[in-house]
Amino acid sequence: MIWSLSLCPAFRRWWRPPVEPMCRQGISGQRWPPMLWLAKARPRYPSLTLRGCCWRRRRRRRRRLLVALNLHASMRPARSGASSSKSGVVSALQLINHGVPDDVIQGMKANIEAFFGLPAETKQQFAQERGQLEGYGQLFVVSEDQKLDWADILYLNTQPPEHRNTRFWPDKPDTLRSTLDAYSAAVKTVADRLLAIMSSNLGLPPEVVASRCSGGGMQSVRINYYPPCAEADKVVGFSPHSDADLLTLVLQVNQVQGLQVKRQDGTWVPVRPLDGAFVVNVGDILQGDDEGFEKLLKEISVQARATPYCARCVVHCVVEDGRRLKKKLTCGGHMSARRERERNNRGVLVHTEDMYAYSSLTVSLDIQT
Ligand SMILES: O=C(O)CCC(=O)C(=O)O
Ligand SMILES: [Fe+2]
C-alpha cells in the first residue's frame, strides 16, 4: 500500500507529541537546506488570482490567467541570499482570491488551532492505528531509531465523502467536522478549477486532466502542527519531499514562515505566507515524464521520497526574528488519483493523441528539480 508506514506498536508506546527535550536529540549529521528568512513585510512570492475570472465566457481573461499559470519563468520569485539565479522558475505559487469563503477559511484555521491546543489524551483518541495513515500522529515512521520530523499531524481522507473514516475525525472542537466538510468541498472546487485551467492550457477540453488523473476528486488533508523549538536548526518540521499526488493546496493557518520551495536551479525559496492564500504545489503525478508516471504504479516508499530527485519542499521550524519561538500550523489539501484508474489505464496520459499536450504540461508546470 502506498505510504503504509503507520505506527508500529513499539513506536506507539514510545511516541509522544514532540516536546522540547526531543530537540536536543538533534539530527546531527543531517544536512537540511539552509533556513531562509524573508525579512521584508511585502510578500515577494508569485501569486495568482482567480477571482472574477469567468474563464468559460471571457476567453481573453482566461488566456491571461493561463499565461500566468504558464509563465513561472516570468514571475519573480522571492529574493533571498540563496536565490540569486536568474532562472526564476519555481514549482509552486500562492493562490489568492480563490473564492473559498472567508468564513470557511477562518473557521478552518480556528478549528485547527483549537484541536492542537487540546490535551494530549484528547488528541490521542483520534490516533492512527496500525496499518492506517488516517488519524493523529506522525507519517512515515519506520523505526524507533528514526529521527522524526518536528511535527504533529492529523491526516484524514476528506473527498469524496464515502472515503471518509469518521472514526478519525475529531469531534472536539465540536465544529471541526462540519468545518472540515465545508472546507474540503471548497478546496475541491478550487482544485477542479485549476485542473480545468491546466487542461485548457494544454489545448484540451477543460475536463480532461481531472477526469484522467483525479478520477473523481480523491482528496485528503494533512494538517500540520510544527511546535516551537528552541533549537530550530537541529530539527526540521517536514523533511524535503515532493508530494506523491496530483495537486496540493496548502493553507497557511498562521503567518509563520518556514516553508521553502526548491527552484529548478536547485536553490530554495522561502515562502512568506499570504493571509488566506493557498500555496499550490504540483505533485508527482503531474511530473510530466514517464518516470513520474511510472511512480504512480509503484508503491511509493520513504526511500523513494527521500531521494534528491523528489525533494522540492521543506518546512523549517523557526525562531522568528531570532527571538520569539513560534509554532506553525498549516493544512495541506492533497488531490490524488484513484489508484484503480491508474493501474487500469497505465499510459493514459502518454498515448499519441495527448503526447504533445503532455509535454506542454511538463514545460508549463515545470516542477521537476
Ligand atoms: O506545512 C507546509 O507548509 C507544507 C505542507 C506540505 O508540504 C504538505 O502537506 O505536503
Ligand atoms: Fe508537501
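Whatever order the structure lists them in is the order used to number ligands and atoms, beginning at 1.
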Under the salt bridge (Lys or Arg N to Asp or Glu O under 4.0 Å) test, residues paired with R164 that sit two or more places apart
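R164 satisfies salt bridge (Lys or Arg N to Asp or Glu O under 4.0 Å) with D181 once adjacent residues are dropped.
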Per-atom contacts, ligand 1 versus [X] - under 4.0 Å to a heavy atom:
| X | result |
| --- | --- |
| H334 | 8 (C), 9 (O), 10 (O) |
| R222 | 9 (O) |
| N224 | 1 (O), 5 (C), 9 (O) |
| Q252 | 3 (O) |

Can you find an N/O atom of T248 closer than 3.5 Å to an N/O atom of ligand 1?
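No, there is no polar N/O contact under 3.5 Å.
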For ligand 1, is there an N or O atom under 3.5 Å from any N or O atom of K328?
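No, since none of the N or O atoms of K328 sits under 3.5 Å from an N or O of ligand 1.
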Kindly compute the distance separating CD1 (I112) from OH (Y183), expressed to the nearest 0.5 Å.
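Between atom CD1 of I112 and atom OH of Y183 there are 6.5 Å.
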Gap between atom CD of Q159 and atom OG of S220 - 0.5 Å precision:
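The CD atom of Q159 is 11.0 Å from OG of S220, to the nearest 0.5 Å.
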Output all residues satisfying side chain to side chain donor-acceptor pair (under 3.5 Å) with T166, sequence neighbours left out; order by chain, then residue number.
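For T166, no residue satisfies side chain to side chain donor-acceptor pair (under 3.5 Å) once neighbours in sequence are set aside.
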Taking only Lys NZ, Arg NE, NH1 and NH2, and the carboxylate oxygens of Asp or Glu, determine whether D275 and K109 approach each other closer than 4.0 Å.
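Here D275 pairs with K109 in a salt bridge, since their nearest N and O are under 4.0 Å apart.
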